[in-house]
Enquirer: 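What follows is a structure written as structure tokens; I'll ask about it next.
These numbers were taken from a predicted model, which means no experiment stands behind them. Throughout, residue positions are numbered sequentially from 1 according to the sequence presented.
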Amino acid sequence: MSDQAKVLRGLIKERQAAPTMSIESPSGHGAHTIAVTSGKGGVGKSNIALNLAIALARLNSSVGLLDANLGLGNIDLLCGLNGYWNLSHVVTGARRLGEVILKGPENVDVIPGASGLIDVADAPPEAQREILRQLVDLERQHDYVIIDTGTGIHRSVRQFVTAADIVLVVTTPEPTAIADAYAMVRALSSMAIPTLEVIVNQADSVEQARAIIERLQQTSRVFLHTEVTSAGFVPRDPQVGEAVVGRTPFLCNSPNCPASLAIGQLAHRIKNLTEVRSPRGSYFPRFCSEMAEKVA
């Protein structure tokens with residue numbers, strides 16, 4: 001037993017002495033990062049993330065889209081892409097980052113399997129540094145990086161969210177979706193997120209969406225002491241369902257439908273917001289730093 005304990009102490013000492021991943025932000029500004037999240041599934045979060053990426057690309061911006069849904073990524077399906085490799089293969093060293101990127105509509109770079117970043121902490125230090133270098137290079141090549149996170153308030157979801165510059169919490173008019181959206185806001189209320197916004201998807205009217213957002217804002221202000229900004233709403237639109245079935249983003253399939261026009265307005269709003277506000281440094285070193293703190 002004493003020999004085993006000695007070996008274990010030696011292994012722990014070696015791990016503590018091993019160099020850790022460099023988490024210094026690179027010089028200059030990184031991309032503006034937008035995390036699209038929700039308290040529950042089925043609210044159209046991934047659809048909004050994908051079409052927002054396309055709308056921003058149409059505003060002469062270079063956009064990267066990370067599919068960070070934990071094991072349930074479907075961004076590639078929504079835009080008719082077929083890819084086998086993803087970020088988990090980059091983490092294991094089987095592929096380099098450039099080899100897993102898929103070219104989406106309007107030249108949006110789709111990076112599947114971003115949930116594989118959670119496994120970076122288990123990689124050897126040298127591998128960690130190489131992965132981070134590739135990710136920082138990716139960020140430098142884009143004006144915006146949109147992260148389509150998983151759903152719910154799981155710690156792994158919060159890791160992707162809290163490192164972003166802007167967080168969009170998606171809800172629908174369903175009472176359960178609204179309750180879960182508030183739960184997400186509550187989980188994020190203690191985090192240092194520069195901009196926390198709520199968007200109502202599948203709204204039946206302007207009045208309905210405004211009432212939902214005002215209710216969430218008031219409740220968050222009174223009970224959480226947190227300011228939540230309105231990101232507007234996307235109306236209920238049959239063209240969205242048809243686009244999903246056809247594996248074509250509705251912004252491409254029906255550019256003038258109500259949902260597409262709403263996403264276009266959202267993109268213009270974000271573009272105007274970010275033009276007067278610098279990103280808070282590079283996303284990926286911040287993400288890895290926060291992840292390392294939680295693992296420690």
Side-chain angles (χ1 to χ4, degrees), residues 7-35 62-71 73 75 83-103 108-150 154-165 191-194 278-296:
V7 171
L8 286 173
R9 284 195 296 269
L11 289 173
I12 293 172
K13 196 171 183 179
E14 287 178 9
R15 183 168 183 177
Q16 291 175 338
T20 56
M21 174 170 36
S22 172
I23 55 176
E24 294 296 323
S25 295
S27 59
H29 295 304
H32 293 278
T33 49
I34 306 166
S62 55
V63 183
L65 176 58
L66 274 72
D67 190 344
N69 282 276
L70 299 176
I75 288 291
Y84 173 77
W85 306 105
N86 57 55
L87 266 181
S88 66
H89 297 103
V90 178
V91 173
T92 62
R95 285 290 182 274
R96 295 187 61 79
L97 181 58
E99 296 175 311
V100 307
I101 294 176
L102 304 174
K103 190 62 67 174
V108 170
D109 286 328
V110 178
I111 304 96
S115 58
L117 288 177
I118 300 297
D119 298 325
V120 169
D122 296 326
E126 284 298 327
Q128 291 179 359
R129 284 191 288 271
E130 174 57 23
I131 294 165
L132 181 58
R133 186 192 65 76
Q134 294 182 56
L135 290 168
V136 169
D137 285 344
L138 169 76
E139 190 175 354
R140 286 172 169 164
Q141 296 167 13
H142 296 90
D143 300 311
Y144 296 93
V145 173
I146 296 178
I147 304 99
D148 178 28
T149 77
H154 191 273
R155 186 180 70 179
S156 59
V157 174
R158 297 200 306 272
Q159 288 172 353
F160 283 102
V161 170
T162 55
D165 300 311
M191 312 295 182
I193 298 173
S278 298
R280 51 173 178 156
S282 185
Y283 173 84
F284 292 107
R286 188 164 57 249
F287 169 84
C288 292
S289 175
E290 293 178 359
M291 182 174 63
E293 289 176 2
K294 290 178 174 63
V295 170

Enquirer: Quick one, I111 and L97 - any side-chain contact, counting heavy atoms below 4.5 Å?
Expert: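 The answer is yes; the side chains approach within 4.5 Å.
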Enquirer: Any chance you could lay out the side chain to side chain contact (heavy atoms under 4.5 Å, CB included) test for K103 and V110, step after step, and finish with the verdict?
Expert: CA-CA 6 Å; K103 190 62 67 174; V110 178; over 6 Å; no
Enquirer: Please report the C-alpha distance between E139 and F284 in whole Å, then the side-chain angles of each, then the deciding distance to 0.1 Å, and finally whether the side chain to side chain contact (heavy atoms under 4.5 Å, CB included) criterion is met.
Expert: CA-CA 8 Å; E139 190 175 354; F284 292 107; 3.4 Å; yes
Enquirer: Please check: side-chain N/O of D148 versus main-chain N/O of L65, any donor-acceptor pairing under 3.5 Å?
Expert: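 Flag not set: sc D148 to bb L65 has no pair under 3.5 Å.
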Enquirer: Taking side chain as C-beta onward, heavy atoms only, is L138 less than 4.5 Å from I101?
Expert: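 A side-chain contact exists here, since the closest heavy-atom pair is under 4.5 Å.
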Enquirer: For E130 versus R133, what's the shortest heavy-atom pair and its separation?
Expert: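 Heavy atoms of E130 and R133 come nearest at OE2-NH2, 2.8 Å.
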Enquirer: Using only atom types and a distance under 3.5 Å, with no angle test, would you say the side chain of R95 pairs donor to acceptor with the backbone of L87?
Expert: no
Enquirer: Parallel under 30°, tilted from 30 to 60°, perpendicular over 60°: which one fits the rings of Y283 and F287?
Expert: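 If you compare the ring of Y283 with that of F287, the planes turn out parallel.
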Enquirer: On a heavy-atom basis, which atom in H142 and which in A31 lie closest, and how many Å separate them?
Expert: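 Nearest heavy atoms, H142 then A31: O-CB, 3.3 Å.
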Enquirer: What are the two closest heavy atoms between N69 and G150, and how far apart are they?
Expert: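 Result for this residue pair: OD1-CA, 3.7 Å.
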Enquirer: Any heavy-atom pair between the side chains of V90 and R96 that's under 4.5 Å?
Expert: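 Not in contact.
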Enquirer: For the side chain of S62 and the backbone of D143, is there at least one donor-acceptor N/O pair under 3.5 Å apart?
Expert: yes
Enquirer: If you take all heavy atoms of T33 and R286, which pair is closest and at what distance?
Expert: OG1-NH2, 4.2 Å
Enquirer: For V100 versus P112, what's the shortest heavy-atom pair and its separation?
Expert: O-CD, 3.4 Å
Enquirer: Give a yes or no on whether the backbone of M191 and the side-chain of R158 come within a donor-acceptor separation of less than 3.5 Å.
Expert: no
Enquirer: For residues I131 and V91, report the shortest heavy-atom separation together with the two atoms involved.
Expert: CD1-CA, 3.6 Å
